[in-house]
Amino acid sequence: MAVTGRAALLAALGTLPVGLWDPSWTGLLTVNTPLALACACDFALAAPVRRLGLTRSGDTSVRLGETAEVQLTVTNPSGRPLRADLRDAWPPSSWQPGTEVAASRQSLAIPAGERRRLTTHLRPTRRGDHRSDRVTIRSYGPLRLFARQGTHRVPWTVRVLPPFTSRKHLPSKLARLRELDGRTSVLTRGQGTEFDSLRDYVPGDDTRSIDWRATARQSTVAIRTWRPERDRHILLVLDTGRTSAGRVGDAPRLDASMDAALLLAALASRAGDRVDLLAYDRRVRALVQGRSAGDVLPSLVNALATLEPELIETDARGLTSTALRTAPRSSLIVLLTSLDAAPIEEGLLPVLSRLTKRHKVLLASVADPRIEEMAKARGSVEAVYDAAAAAQAQSERRRTAEQLTRRGVTVVDAIPNNLAPALADAYLSLKAAGRL
């Protein structure tokens, strides 16, 4: 009874001796001659791998947490059908944990002279540029006894952008901005506001806003409406030094700062203000300047995609000098950095007056929610010690914030989920008070 396929190959490999030629093996080899011929034919009928044509297409960018689709087109120019297993290799962070094997391996069958398109679904777990490594193809004969294997390099890059989860807060912040803009019945007037238009008086309006000259020319009482000044300049400064690498929850502090910066940039650009970005530790890591209102947010997202914390101490003097060169006079400088006592007292405070003398400064810092949980802990000796340590840490942060406030700095200190809306509220408050 003839044995074919993998069973025959395994049987042959298990019975054939290894060593020098021995005439006594002649009978054994004669028995296995049909199997040897089958293996040789199977190998000959396997489509060649190196002659295959491979090209890519598909997504070149995706937000963190979303899925990118990259198509791989395989062309079989040979005269033999291709039966193969294919592995499309990408960096490990291109997949969710545990899904790499299933997502990167596929089987395909391509008749002679035809092509097929395969889709690789990437779901990256880290920001930055993810580059394809290589495509490995194993081509089998019709009996799958032998295979040809080869690799092809088919370059492709997918840029993974920040997720911008705080964009869900944008509609509510824009509604408040419209109130400040005089488009609703809630009107503001301050040192930094400018005349917008006239409308009829309604009960409850501030009588100080009555325009008596306009009232004398018509039969109804006229009220002046005001709006915040436009075309202000905002410089977002991201500290990318070692303190930004500290993890709060599942992500570094820098990621929460990025999210807050994106929400503020989207809001400020809608308000008619100009927004620039500077990322700095001991040198400039990213710089975005002079973008139009419609282009500022895509430019910031693209610049932040590849930004990573650096495990070095931030040079506060260099950061201050670079910010002063970047921002025109009377700007709002939003500094996203740590509120830890040592970096502020030893680094920022000695040079802070250089910034506050020419600009309005707003400092935003990411607080650790674990500290708040520890401060509320009770019930055991360990929990009481944890609560005491957390209370001391909170006291130090408050003291540092008070030092900055006395020097004219507006301070926002919030946990990651609350930092972006809190920073946007601080910006709108400055607008409403006419301080911007």
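These figures come from a predicted structure and were not determined experimentally.
Of the charged side-chain nitrogens involved, none lies within less than 4.0 Å of a carboxylate oxygen, so that Asp133 and Arg131 do not count as a salt-bridged pair. A salt bridge links Arg87 with Glu100: the closest approach of a Lys/Arg side-chain nitrogen to an acidic carboxylate oxygen falls below 4.0 angstrom. Here Asp386 does not pair with Arg378 in a salt bridge; the nearest charged N to carboxylate O distance is not below 4.0 Å. Ion pairing between a basic and an acidic side chain is recognised when a charged N comes within 4.0 Å of a carboxylate O; Asp259 and Arg167 show no such pairing. For the pair Asp413 and Arg398, the salt-bridge criterion is not met [side-chain N within less than 4.0 Å of a carboxylate O]. Comment: Arg116 engages Glu114 in a salt bridge, judged by a side-chain N to carboxylate O separation of less than 4.0 angstrom. Ion pairing of Glu179 with Arg176 is absent here, as no side-chain N (NZ or NE/NH1/NH2) approaches a carboxylate O to less than 4.0 Å. Between Glu310 and Arg242 there is no salt bridge, since none of the side-chain N atoms of the basic residue sits less than 4.0 Å from a carboxylate O of the acidic one.
Judged purely by distance below 3.5 Å, without hydrogens or angles, the side chains of Arg117 and Gln71 never pair a donor atom with an acceptor atom. Side-chain atoms of Thr306 and Arg159 include no donor-acceptor pair closer than 3.5 Å. If you check the side chains of Thr240 and Arg285, you find no donor sitting under 3.5 Å from an acceptor. Side chains of Ser94 and His130: a donor on one and an acceptor on the other come within 3.5 Å.
Across every non-hydrogen atom of Lys357 and Arg329, the tightest pair is O-NH2, 4.5 Å. In this structure, Val275 and Val296 approach most closely via the heavy-atom pair O-CG2, 3.6 Å. Minimum interatomic distance between Ala367 and Pro369 (heavy atoms only, all atoms of both residues): O-CD, 3.4 Å. Closest approach of Ser338 and Ile344 over heavy atoms only: O-CD1, 3.4 Å.
To the nearest 0.5 Å, the span separating CG on Leu238 from CG on Leu319 amounts to 10.0 Å. The distance from the CG atom of Leu86 to the CG atom of Leu72 is 6.0 Å, given to the nearest 0.5 Å. Taking CG of Asp276 as the start and CD1 of Ile234 as the end, the distance is 10.0 Å to the nearest 0.5 Å. Here the CG-OG1 distance, from Leu287 to Thr322, works out to 9.5 Å after rounding to the nearest 0.5 Å. Rounding to the nearest 0.5 Å places CZ of Phe164 at 5.5 Å from CG of Leu263. Arg127 contributes atom CZ, which lies 6.0 Å from atom CG of Leu254 (distance to the nearest 0.5 angstrom).
The salt bridge (charged side-chain N to carboxylate O under 4.0 Å, His left out) test applied to Asp88 returns Arg56, not counting sequence neighbours.
When atom types are taken as modelled, the side chain of Asp315 and the backbone of Gly318 share a donor-acceptor pair closer than 3.5 angstrom.
The local environment of CZ in Arg291 is crowded, with over 12 non-hydrogen atoms from other residues, nucleotides or ligands closer than 6.0 Å.
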Going through the distances and angles, do Thr67 and Arg123 end up as a side-chain hydrogen bond (donor to acceptor under 3.5 Å, both in side chains)? CA-CA 5 Å; Thr67 300; Arg123 193 172 177 85; 3.0 Å; yes
Does the side-chain hydrogen bond (donor to acceptor under 3.5 Å, both in side chains) test come out yes or no for Ser365 and Arg397, once each step is laid out? CA-CA 10 Å; Ser365 179; Arg397 289 180 72 88; 3.1 Å; yes
Verify side-chain hydrogen bond (donor to acceptor under 3.5 Å, both in side chains) between Ser244 and Asp239, making sure each step is shown before the conclusion. CA-CA 7 Å; Ser244 68; Asp239 179 358; 5.4 Å; no
